[in-house]
Amino acid sequence: MDVLLEYAWLVPLLPLLSTAAIAAFGRSLPGKGSEIGIVALAASFVLSVGIAWQTFTAGLPEPFERSLEWSPLGGGFVFELGMLVDGLTAMMFLLVTTVSLMVHIYSREYMKGEPRFTYFFSMLSLFTFSMLLLVIANNLLLALIGWELVGLCSFLLIGFYWEDKSNQDAGNKAFLTTKFGDVGLVVGIIVLSAGMMGLGSSTPFNLQELNAAAVAGELSTGTIVLGMLLIFLGCVAKSGQMPLHVWLPDAMAGPTPVSALIHAATMVTAGIFLLARLFPVVAQSAVVMGVIAVVGVITLFFGGLLALVQDDLKKILAYSTVSQLGYMTAAIGVGGYTASIFHLFTHGFFKALLFLGAGSLIHAVHSNNISDMGGMAKSMPHTFWTFIVGTLALAGFPLTAGFFSKDEVLIAGDLWAGQGLVTGNLVYWVGLAAAFVTTFYMARACFLIFAGENRSHHAPHESGRQMVAPLMVLAVLSVASGYLLSPFSSEQYNFEQWTATPVIEELTYPFIDAGGEAAGAGVLASGSEVVMAAEDGAFGVLHGVPYWHFDLLAIVLVIFAAAVLLAWRFYGRGLPERDPTLHMGVATKVLVSKYGFDEFGYRYIVVPVRDTFARWATWSSNVVIDGIVAGAGRATKDAAMTTYRVLDQRVIDGGVNGAAFSAAWWSDRLKRIQSGDVQRYAAALVAGTIVLVLAIAAVR
Amino acid sequence: MLIDWLAIAPEIALTVTALLVLFADLNLRGDAKQLVAPIAGLGTVVAIVFTAILWGDERATFGGMFVVNEYAVVFKLLFLGALLAILGISWRFFAEGRYYQGEYYFLLLTSFVGMIIMPSARDLLLLFVALETVSIPAFIMAGMRKRSLYSSEAALKFFLIGVLSVALMLFGISLVYGFTGTTDLAGIAAAIAAAGDVEPLLLAAVMLVVVGFGFKISAVPFHFWAPDTYAGSPLPVAAMLAVASKAAGFAGLLAIAFIAFEPLAEFWAPVLGVIAILTMTLGNLIALQQRDLIRLLAYSSVAQAGYMLIPFGLARPGATVVNDAAVQAVLFYLIAYAVMNIGAFGVAIAVHRRTGIRSLRDYAGLAQQSPLMAMGMTVFLLSLGGAPPTVGLWAKFAIVQAALTDVTMFAVVLMVFLVVNSVIAFFYYLKVVKTMWMDQAHEGMPALEPGFNLSLVVIVLMVGTVVLGVLPGLISDATSLTSLVAAG
Amino acid sequence: MSLVGPLLLATFLFCVGVYGLIARRNAVLVLISVEMMLVSVNINLVAFQNLLFPAEAAVSGQMFALFIIAVAAAEAGVGLAIILNLFRNRASVNVDDVDLMRW
Amino acid sequence: MDPNTAGWALVVALFLPLVGAGALAVMPSSMDRQIRRAAVAITGVAFALVVAITASFDFGRSGELQFTTDVPWITAINARFELGMDGISLPLFFLTYLLTFLCAVYTTKHLPEPGRPKAFLALMLMLQTGMAGTFVAFDLVLFFIFWELVLVPMFFMIGMWGGPRRDYASVKFFLYTLFGSIFMLVAFLAIYFAAGAETWSIQALSEMAPFGTATFQTWAFLGIFLGFAIKVPMWPFHTWLPDAHTEAPTVGSVLLAGVLLKMGTYGFVRIALPILPEGAVRFAPLIGVLAVIGIIYGSLCCLAQTDVKRLIAFSSVGHMGFVMLGVAAMNEAGIQAALFGNIAHGVITGMLFFLAGSLHERYHTREIAVIGGGMLKKIPRYGVLLTYVAVASLGLPGLAGFWGEFTAMWAAISPGLGIGDQYGGLYLGLVVFAAIGTVLTAGYFLWLLQRVNLGNPPERWASEPLDDVMRIEWVSWTPLLLLILALGIFPVLVFGVQDAAVANLMGYLGG
Amino acid sequence: MTGHDVVFLLVALLTGGAALLTVTSKNLFHAALFLAVTLAGIAGTFLVMRADFLALVQLIVYVGSVAVLFLFGLMLTRAPIGREALDGQNRGLALVVSGTLFVVLSTLIISTFGGERAAEVAGPSIADIGISIFADWVLPFELLSMLLLAALIGAILLARREDGESGEPMPERRIELSDEPVTHAGAQELPAGDSKPELTAGGDR
């Protein structure tokens, strides 16, 4: 039954082999090694589908775990090389292999002619492997290894065009920022494992044991709070949460397929994945949950605001990623385990789609800036409609994947709000507000890109098949993936049932009692029912199928419409001037004269939002946070110089040399005792004798 | 009175050799005079044989004034071995330099007669005469480069300081006699122990006696003659002064300190310990600035004396274990010191005789001229510093071992000074090594022709330094058996 | 007879010798001072022997004095020879000129 | 070979290089090529023998001494010629022979001014015996001899073949190390007398421990600490290291970083801890603090460097800080980490010094600013290797550097022997700062890579023909490159071998 | 205060005064003559203490030969006459050192032996001394003979005029390598023919 599961380790292994194979033979192959990567990824993908099928249909009572004792670590503790396959793993497999496969295929054309083409594919495969390793790991240490490798690959790929200093800096920034987060992760892992060692476990890094121990209440609160907060620091850095998101926009320096991979599947999702993996531990502490939720909320809102003022398409997408990751984090923070990873799942597809689409556009106009585009809908029809699908999904337009998953997040917040949890309210309301922002900036981007005149200096034309095909596949998935957990999904076969183990189920909505009735009701969820599957499931657990929340649907639609309309007002006719702000000024006057509502909206919504909040956010991002980062860097460097020049070379080494110098100095003085006058020698001798005589008398 | 002739056989053999040398010198002319050196060498070998026969014996003769035990035998072998080495490094030096060869060898042998009596002497009078027998020929030998102002100056300084310290020592001895009514070492100890109350004058007398030996071992502040005299004397004589004469001083100091004045150890030990500290520190510090290799070796030998004085600082009345360990440490160090220091002087002679060089800077690139000599010097200097695998390490080891036999605060202080000084010493030893190996040689330096004898001595000592460095048991097995007072 | 008399005389002569050794410039006079020091010790030895230990069988005090006389004479000879040689080399017997070697 | 009876194999392997040094010394200097080949042959044979020893090592009993030799040596002080090998010795011993062999291979083509391969190789072989002996000597006196034996050849290596400031560096290296080791010697003697068992045997003394008063333990440990800490080197005793490393010839640096520094840690683990457990416990927090200061401090100093080789040298201070953090943890995992970190640092930093040496040969400068970047363009293979090793050095998982660092921090969170009860908070702080140190480490390595590897080569090099990695370099580097990867993927290669031995050791410590 | 003490005091005053004059005299020959007086005075104290044999030896060896030897020495070296010439710059130092030594030693001696008196003064007979020399002290005695022989030969060696063997190396080329003085600045003022620095000697002569 579990045949494929036994071979789950092949999923990460194949890309690893392909890395080595590409590095070794890639150059001599007709496809310069890309075919190896594609084949390996395809195989992995197929295997992932199989594994997902088996996992989802089998309804495993326990996650599937296999491990080898890889090495002793001293003191009887061992490091396991092991795999843990459950719904979460299978879901991530699907996401990562799919996106990666698409990126591989897409890159064949996109990267054509690059001098480091082979190297690029090798690194892509390695990147995929690293993420898959993190996903399959059955223990924190192995996960850490995957995690760090992800960081390395991102460094190598972001700095792919290393001839330019700014690209080098971007790579370094990404690596160092995430590495800084890793301080927390590493120490957090160590803290948790210390707790496990205290419980007498010989495999202190094991995830299953850790989660079980946490649920059983064996781990002390201190350990959990300290450990999880530290680990969350790692997630903050890796998943681009405020304030450690600064590396993410810079990471656009890498080739666009890499951005797709980073933003959709292999890097920024790592933090969310790890939080989900450790959800039973997270859920033990309200403090940890609260911190996670607040950070998520801040990120999802202010991250989104930042996207408003970008001209660089990739940066718009990057900030949107920040914002969307904020949703996922916030969902975890309010116990929305399923909501979070479902959003992760769907977001992966549509964000990959958007990036690849952006890549297609950039490829065509040789510029990242939306102000250089315009009117692309006609010249690039496939890109156009796939991009629109992605945009709709991102904006949460009903019936797209983004709609279902984002609503899950909001509902989760609402459910908790009903329990009187402040963060629940925050997630819900700020989430809604951010949805407006998201829609607005995506609409702005779409209008500027596809509407109006072509402002580029090139004659754009549609990309080749190898680039368009992945777009189409992803476009389909951007819609279809949402139906895994929607009112249309079946009770038994839905995303939640597949990914949430019984333990997690209980932790997700602990306030739902055995009778299936929510003890309290959220603002909007009051009418919704949570279906108990205790009687039909074999394991006596809770399963739910989302119901239509028509009230929420209505709000979402209103928001969507308002945002798009607003955007259309300003950008619907393209961008006649290079400076959008100036153009906005003209548009504002027109709007003010015709619709008082517009003026209101502009003056009290757009202006404050765009000019004040966004500017503040930009400022805070660029000046305060970047300033802190840069300042920290400069301070470190100053500290380094001081340490080396003053402390090391002067004080410590100076002390050593000073001892030598003073010896020489004394020597020079002392040697003059040897005056050469024998009578002085005699006098000294006799004087010495007298001193001795007196001294010994004194001794007595 | 029956005389144990075997007990004094080495002394007799050496005396006879000395007289033979004198006689031969009278009858040889010109180049043939060189032959006195082998005669002296043969006589030394005979003396060595006699001494070796005595190994394991416990003999006392001349009414207990003259004692032969393992301690004495080890010391005598040390002296005779040093004599052989010095004969080896002297031969060409004196033959080529048109010195009074016969007289030189006679004086040398006479001096060594005094030395080998030293460790056996158990009477102040005998010790005094033996010490003078060591010194007076040495005064003359130091001045043997008659036309050299340096040599005359060396002799004068050596002589005046020597006589002054002997006078101080004699004054002390007279007072000791006044306290105890005897000059027998054991008798003195018994009398002091019986007296109970310790008069300050007696302690003063002890210090005065120490001065005489302090001069011989060139302890601070009695060391002033040493650098000047070493620098001015013929180099083999400097080697002899630095090693053999110093060892003789230690032999005497050991005898009076650990036999005669052993009951007073609690008083003199701290004083000698402080002298040890002063000696090694001052010697090392001044050596840092020396540019003349011989003076550098001279100050180094001052410092080495300081190390050897450390065990004296550890002595305690009645503590046999500690005192034995101290004596053994000194003995071990002396042997090691003899091996490495004579070797260093041997190389210096080889270089100096051929090139007239003694400035440190001119040793540059010696390694290219004569790898053997450079290697030898390196080994000897590293050994003097105490780097493994040389015997010098074990010498320091022995001292530390003695100090830790029964740890006192003072012993710890001494150890700290030993450590710090060992490191300082490496500054100047390494300077020489570096100059020889790493600096560029001067243009037009003639090749060294050390000659067979000298090369042999250097090789033997070099091998000895390393072999003993690997197997220090060859010495320590012997020294650990020795107990100064076994038959005293 | 009081013991302290001879002892003090010996000490006085000894210290006078020390003074001469350090203060005198002429090497021969320095040598004379040294001799005085050596000889003064004999007074001590004789005083101890004859006043404190007259019955000592080995007569070590007087014997020591005898040996000191002999050795001192020998040293005087050697010292004079050294000084003569020095004089021959530099036509001066001033001790304070003898400082070629220092430091 | 039967590990129980084949003590001769160890003795032969140990002294073969010394004999070889003698053999080289008598070869005429004019036979330049033959001399270099002979050195390769000698080290090769020795390495083969060590491989054979490793192969026949009984890994099931890695906690016990194998290949033992125990004969009287200096009877007067009861010192014995006691050799042996257990799981702790084996990896270090193996590494010594491997590195020396590779160095000999490397020297067949590369030898800095003033040439003279005979002297150089003879010294290197002497050095080999000294280093290797340290790891298999089980008698304190013998250990000390081997320990000190290393100084002299290294002094000459730096002093004769070193960089412009070689005089200063060589003397500093020598005196610094000597200073510590004499204190160590005094402490050894104190141990000998305090134990009162008339034995210098490390095993016997470990079994007897603890002995002596608390004061004795403190002072004796202090003495030993000075000796080992200088060698490691721990902050603030490290200042000899940058100078020595920077000025030493490539091979000298490789051996310094690869093996010499390891002697310090090994000494701590083999001698200081088991024989003086109470002193060790008392000193552990201090060691931990100094170690972490070293980590941060070394990294900061690296950030300030302009010279590639000096940067690598300072990185050793930080890396050895992690090693000592492991020691300070005083538990099995910590010691495992320390020993693993040892090996890993030896391989990685040894390799880095090889690279720095070759860099200097190509560019004739080690100034980062002068090299000016673009190495990946100019000599791509070389640039890739530099990236690979630098990444390994910054502790990336999957490569050798990770295991030592992570395990050390992991072990330090719960220090053993009751230290945790008193200093738990301190150790948590240490772990946090050590983790911050990893970021700094990453920082300076990335910065190095950025300035050396990336970008376009400056004009002055653009037209200069620079060789990419040469054949002899591939030959001498490949084993290390593979080892870096192998140790990263199969940490069991070292952890597994050491496990029983470390457990044994902790038994002596009472943990 | 017995008769012995009175006599001793007189002799001691004479001896001490002569000694003082010896070291302060401005005239070389006077100094030598005062030394003779001092030595004779010491012989006198020996007589007072009943050490007849020793007094005799003292007179013969010292007054008879050593003092004469010194006179010869003074004449041979033709030393200049006058205080400035005779005393060096170290007089103050000498006074301090010797004065301190005297104060320290005499204080200690008085405190220790201050009350010690001998009822009668009696020394061993000459016969006892003679027997003792050849019974108890024969080894130092024989050694002393060796010493005297060495001193004799050495003194001759140093004092004799040169006639061939001189400890002087053959004059050959001289290597001046270092620009720094070997020991001290006076080195270059050496008379020609000095053997320092040593010259390169041929392998054979």
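Numbered from 1 within each chain, the chains take letters A, B, ... in sequence-line order.
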Specify which of B:Asp123, B:Thr182, B:Leu168 makes the most heavy-atom pairs with chain C at under 4.5 Å.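 It is B:Leu168.
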Interface moiety of [X] toward chain B, non-hydrogen atoms closer than 4.5 Å:
{"X": "C:Ser33", "value": "neither"}
{"X": "C:Leu45", "value": "both"}
{"X": "C:Leu86", "value": "both"}
{"X": "C:Phe64", "value": "both"}
{"X": "C:Gln49", "value": "both"}
{"X": "C:Glu56", "value": "side chain"}

[X] versus [Y], closest heavy-atom pair with distance:
{"X": "C:Asn44", "Y": "B:Ser174", "result": "ND2-OG, 3.0 Å"}
{"X": "C:Met63", "Y": "B:Leu125", "result": "CG-CD2, 4.2 Å"}
{"X": "B:Ala167", "Y": "C:Met37", "result": "CB-CE, 3.6 Å"}
{"X": "B:Gly181", "Y": "C:Ser60", "result": "O-OG, 4.4 Å"}

Aromatic rings C:Phe14 and B:Phe171: how do their planes relate, parallel, tilted or perpendicular, breaks at 30° and 60°?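 Geometry flag for B:Phe171 against C:Phe14: tilted rings.
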Side chain, backbone, both or neither: which part of B:Phe224 has a heavy atom under 4.5 Å from chain C?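 Interface part for B:Phe224: neither.
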Given a strict heavy-atom distance threshold of 4.5 Å, which part of B:Phe139 is in contact with chain C: side chain, backbone, both, or neither?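 Both parts, heavy atoms under 4.5 Å.
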Name the member of C:Ile82, C:Ile83, C:Leu52, C:Leu51 that forms the most heavy-atom pairs with chain B at distances under 4.5 Å.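 Maximum pair count with chain B is reached by C:Ile82.
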